[in-house]
Amino acid sequence: MSEAKQNALLGLSLQELTLLVEDAGQPPYRARQLFEALYGGRVESAELISTLPQDFRRDLTEKGFAVGLPHIEKKFVSSDGTVRYLMAFADGQSVETVWMPEGDGGEAGDGSEAGSQLAKPGRAWDRATICVSSQVGCAVDCQFCLTALLGVKRNLTAGEIVGQICTVLNDQRVSPPQDRVNLVFMGMGEPFLNYDNFVKAVRLLVEGVGIPESRMTVSTAGIVPRIYDLGAEVVRPKLAISLNASNDELRTRLMPLNRKWNLEKLIAAARDFPLRNRERLTFEYVLLDEENDSVQNAREVVELICGIRAKVNLIALNPGPGIAFRTPAEERVLQFQKILMAAGVPTFIRRPRGRDIYAACGQLKRTVEG
Ligand code: SAH
């Protein structure tokens with residue numbers, strides 16, 4: 001670990017802050033003040049924590065502690081309002097984080113969004129979504145995803161995961177819980193290959209930043225043991241599984257990790273997943289023209305997921321350089337949806353967001369061009 005990362009305050013739990021405060025010879029209630037300033041107040045520098053005495057602030061700085069928020073290296077704004085941020089960390093590594101002022105259409109429709117309030121005056125949105133990264137790059141090698149081309153550089157710390165959200169909220173001047181914000185762990189990386197930091201970040205976001213777990217969704221390519229782990233967590237987001245294929249032969253070709261955790265294992269984990277009251281599982285399915293989008297594929301999907309309380313989000317491929325697949329025509333997408341719907345599976349078509357700035361699903365690769 002680099003020096004800078006070791007001394008980041010962001011990412012520390014209340015318990016860890018309590019130890020730090022004790023070490024500094026300060027009264028224990030200072031830990032709560034620190035926690036609130038870091039996560040609730042989202043301060044940018046320890047010197048600005050006005051609830052702490054000057055000497056303690058100075059002491060923290062002298063010991064090399066810093067808040068550790070990522071800084072915005074670049075910011076691209078799409079014609080549809082989506083913003084792609086390139087976020088840089090202390091060691092110079094960077095990830096992308098995406099702000100979608102109106103969500104992506106995929107989070108609605110499962111009943112969890114009931115009672116949508118009206119947008120505040122002077123504001124164009126009423127339920128923004130932040131798409132968060134969990135790793136620098138990705139090791140999973142899905143053949144249709146641009147992030148895969150980077151390989152994995154390293155895991156993000158819990159503080160770096162939380163920091164992306166704090167930085168976007170500060171930049172957009174938005175504060176949960178008053179402002180309604182959804183989180184999707186669907187940016188760069190596979191959250192379940194960085195499970196402990198991901199879970200720690202979720203807790204800090206719920207307890208500190210004020211985003212309820214019911215507004216969060218984590219998406220996995222299918223790391224089966226961690227699906228069971230997530231099901232056992234007391235505080236957890238909703239689960240989305242990237243299915244993307246209707247049989248093993250096809251799925252192994254598109255997502256090589258299917259060799260390790262095939263559809264039988266994946267679907268068994270999905271069936272065993274303990275859903276809460278009114279909760280649904282989400283299956284995501286990227287449609288690739290004439291690869292996985294036929295009538296036959298749709299029927300196989302119905303067979304696979306039959307009996308699971310789930311919805312399906314269809315995403316037509318977002319194209320990119322070096323990706324060997326085509327985006328299907330709209331009729332094929334609608335035909336696929338129709339077959340699932342006819343079988344009683346709630347199926348939604350996800351609107352691509354920010355394609356013009358490479359902010360859409362599968363397009364995050366730290367491109368420095370708009
Ligand atoms: N690793 C996690 C989360 C990141 S990918 C996972 O695999 O679920 C988030 C979603 O984007 C996944 O459902 C993935 O299948 C989808 N996706 C990847 N590349 C895409 C592309 N080029 N076009 C559309 N969706 C894509």
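Each ligand, and each atom within it, is numbered from 1 in the order the structure gives. Remember, predicted model here, so these are calculated numbers, not experimental data. In what follows, residues are counted from 1 in the order of the sequence shown.
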Compile the protein residues with any heavy atom at a distance under 4.0 Å from an atom of ligand 1; present them by chain, then by number. Phe144, Cys145, Met186, Gly187, Gly189, Glu190, Ser219, Thr220, Ala221, Ser242, Asn244, Glu284, Val286, Ile315, Leu317, Asn318, Cys361, Gly362
Could you list the residues that satisfy side-chain contact (heavy atoms from CB on, under 4.5 Å) with Gln54, not counting sequence neighbours? Arg57, Arg58
Between the side chains of Thr220 and Glu190, is a donor N or O closer than 3.5 angstrom to an acceptor N or O? yes
Basic-acidic side-chain contact under 4.0 Å: Asp80, Arg351: no
Run the salt-bridge test on Arg253 and Glu249 with the 4.0 Å N-O cut-off and return the result as yes or no. yes
Going by the rule ring-ring contact (aromatic ring centres under 6.0 Å, His included), which residues pair with Phe273 if we only count those two or more places apart in sequence or in a different chain? none
For residues 17-61, which residue pairs pass the ring-ring contact (aromatic ring centres under 6.0 Å, His included) check, not counting sequence neighbours? Phe35-Tyr39
